[in-house]
Amino acid sequence: NEFCKKNDFKLEIALRLNRTDKLLSNKKKNISVVDEIKYFNNLLKKKIEKSNITSIEKCSDANVIITLNSNLGIELLSRNKKVMFFYLSQIISKEKTIPYFKKKDCIFIHSNYKISEANKKLKKLIKIPKNKWVKIKKQSMQDVKFDEGNKIFKRKILQILKNEKN
């Protein structure tokens, strides 16, 4: 929030519990969307509004997405969005691996508590032009393709089923 204020950016939060799969798993833990909103309001000293927009929709217009260890972040990278990952588990255990990435430290991975370092990386990430970003992303991570509508996946399933019949 402070970074956004200093650099004149708008902070948006893609609520985790807006996803039905997360909402169902958290009902067992008695965590609601209201609890999640209260958490962010407290943490950021900023009023977060309830929204029915999905995380993907919320992130589609973002200049940069900041996330923790998230599959959503990987999916957004596959769509060539600029994503910065905060891998705090790397601080706790150096043995933890970071799937999808060829190296543990690159422009879009931050794994320490040094805010000044994170801010520098974030500023640099924001300034990278789209075409250069795509090259950096390709050099730094495994090939993860965006499969809109799961077309590739569905084709593979049909192929497997067809082979099973023969």
Side-chain angles (χ1 to χ4, degrees), residues 1-26 33 36 39-40 43-44 48 51-157:
N1 197 24
E2 287 181 30
F3 178 88
C4 290
K5 285 178 186 175
K6 283 181 187 175
N7 295 284
D8 199 30
F9 289 108
K10 183 179 176 187
L11 175 67
E12 294 279 336
I13 305 288
L15 295 172
R16 182 176 188 268
L17 295 178
N18 265 2
R19 293 178 39 195
T20 52
D21 61 322
K22 299 294 183 186
L23 185 59
L24 294 172
S25 69
N26 282 305
V33 175
E36 187 176 22
Y39 170 79
F40 282 113
L43 180 70
L44 301 171
I48 303 296
S51 169
N52 292 324
I53 297 172
T54 67
S55 297
I56 290 286
E57 291 169 327
K58 174 103 50 191
C59 295
S60 67
D61 294 331
N63 292 328
V64 174
I65 295 98
I66 299 172
T67 185
L68 296 174
N69 311 352
S70 165
N71 288 336
L72 175 63
I74 298 297
E75 183 175 341
L76 292 165
L77 272 176
S78 78
R79 296 176 182 210
N80 290 325
K81 297 298 291 179
K82 292 180 186 177
V83 181
M84 185 166 181
F85 290 86
F86 281 77
Y87 275 99
L88 302 181
S89 61
Q90 283 289 301
I91 298 166
I92 298 163
S93 172
K94 297 292 181 202
E95 291 81 44
K96 292 253 183 191
T97 59
I98 303 174
Y100 305 107
F101 301 114
K102 294 177 183 173
K103 39 189 168 172
K104 288 184 177 183
D105 191 38
C106 63
I107 185 70
F108 55 91
I109 296 174
H110 188 75
S111 57
N112 67 47
Y113 290 118
K114 297 175 185 168
I115 293 172
S116 61
E117 268 184 39
N119 287 345
K120 281 181 191 173
K121 276 188 171 183
L122 194 51
K123 281 181 181 179
K124 193 173 177 182
L125 185 61
I126 290 166
K127 290 178 183 177
I128 295 172
K130 179 88 171 176
N131 59 343
K132 188 175 179 187
W133 165 249
V134 173
K135 286 179 186 175
I136 291 169
K137 186 195 77 148
K138 281 184 179 179
Q139 292 169 352
S140 303
M141 68 179 293
Q142 308 298 331
D143 189 27
V144 178
K145 290 181 176 26
F146 173 55
D147 183 15
E148 190 166 7
N150 288 321
K151 291 175 193 168
I152 298 168
F153 177 69
K154 289 175 183 175
R155 198 173 24 235
K156 292 253 184 214
I157 294 295

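Owing to the predicted nature of the structure, the values given are computational and were not obtained by experimental measurement.
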Query raised in the report: Does atom OH of Y39 have more than 12 heavy-atom neighbours from other groups under 6.0 Å away?
Result: no
Report task. Mind checking the CD1-NE2 spacing from I115 to H110? Nearest 0.5 Å is all I need. Result -> 8.5 Å
Query raised in the report: Hey, is CD on E117 packed in by over 12 heavy atoms from elsewhere, all under 6.0 Å?
Result: yes
Query raised in the report: Quick check: does any side chain N or O of K121 sit under 3.5 Å from a backbone N or O of M84, one acting as donor and the other as acceptor?
Result: no
Query raised in the report: Is the count of non-hydrogen atoms from other residues, nucleotides or ligands lying under 6.0 Å from N150 atom CG greater than 12?
Result: yes
**Report entry** Geometric class of the W133/F108 ring pair [parallel <30°, tilted 30-60°, perpendicular >60°]
**Finding:** perpendicular
Requested in this report: Side-chain contact test, heavy atoms from C-beta onward, threshold under 4.5 Å: evaluate it for D61 versus E12 and give yes or no.
Outcome: no
Query raised in the report: If you take all heavy atoms of L11 and C4, which pair is closest and at what distance?
Result: CB-SG, 3.8 Å
Query raised in the report: Quick one: does I13's side chain get under 4.5 Å of L44's, heavy atoms only?
Result: yes
Query - Minimum-distance pair of heavy atoms, taken over all atoms of G73 and F85 - result: C-CZ, 3.5 Å
Query raised in the report: Pick one: which of L77, I136, V64 meets side chain to side chain contact (heavy atoms under 4.5 Å, CB included) with K82?
Result: V64
Report summary line: Smallest heavy-atom separation, S55 atom then L72 atom, equals CB-CD2, 3.5 Å
Query raised in the report: Which is it for N80 and K130 under the side-chain hydrogen bond (donor to acceptor under 3.5 Å, both in side chains) test, yes or no, and what are the steps along the way?
Result: CA-CA 8 Å; N80 290 325; K130 179 88 171 176; over 6 Å; no
Query raised in the report: How many angstroms lie between CD1 in I65 and SG in C59, if you round to the nearest 0.5 Å?
Result: 5.0 Å
Query raised in the report: So, do E75 and I56 sit near enough that their side-chain heavy atoms are less than 4.5 Å apart?
Result: yes
Query - Check: N63 and I126 side chains under 4.5 Å, non-hydrogen atoms - result: no
Query raised in the report: Judged by atom type as modelled, is there a donor-acceptor pair below 3.5 Å linking the side chain of K124 to the main-chain atoms of I107?
Result: no
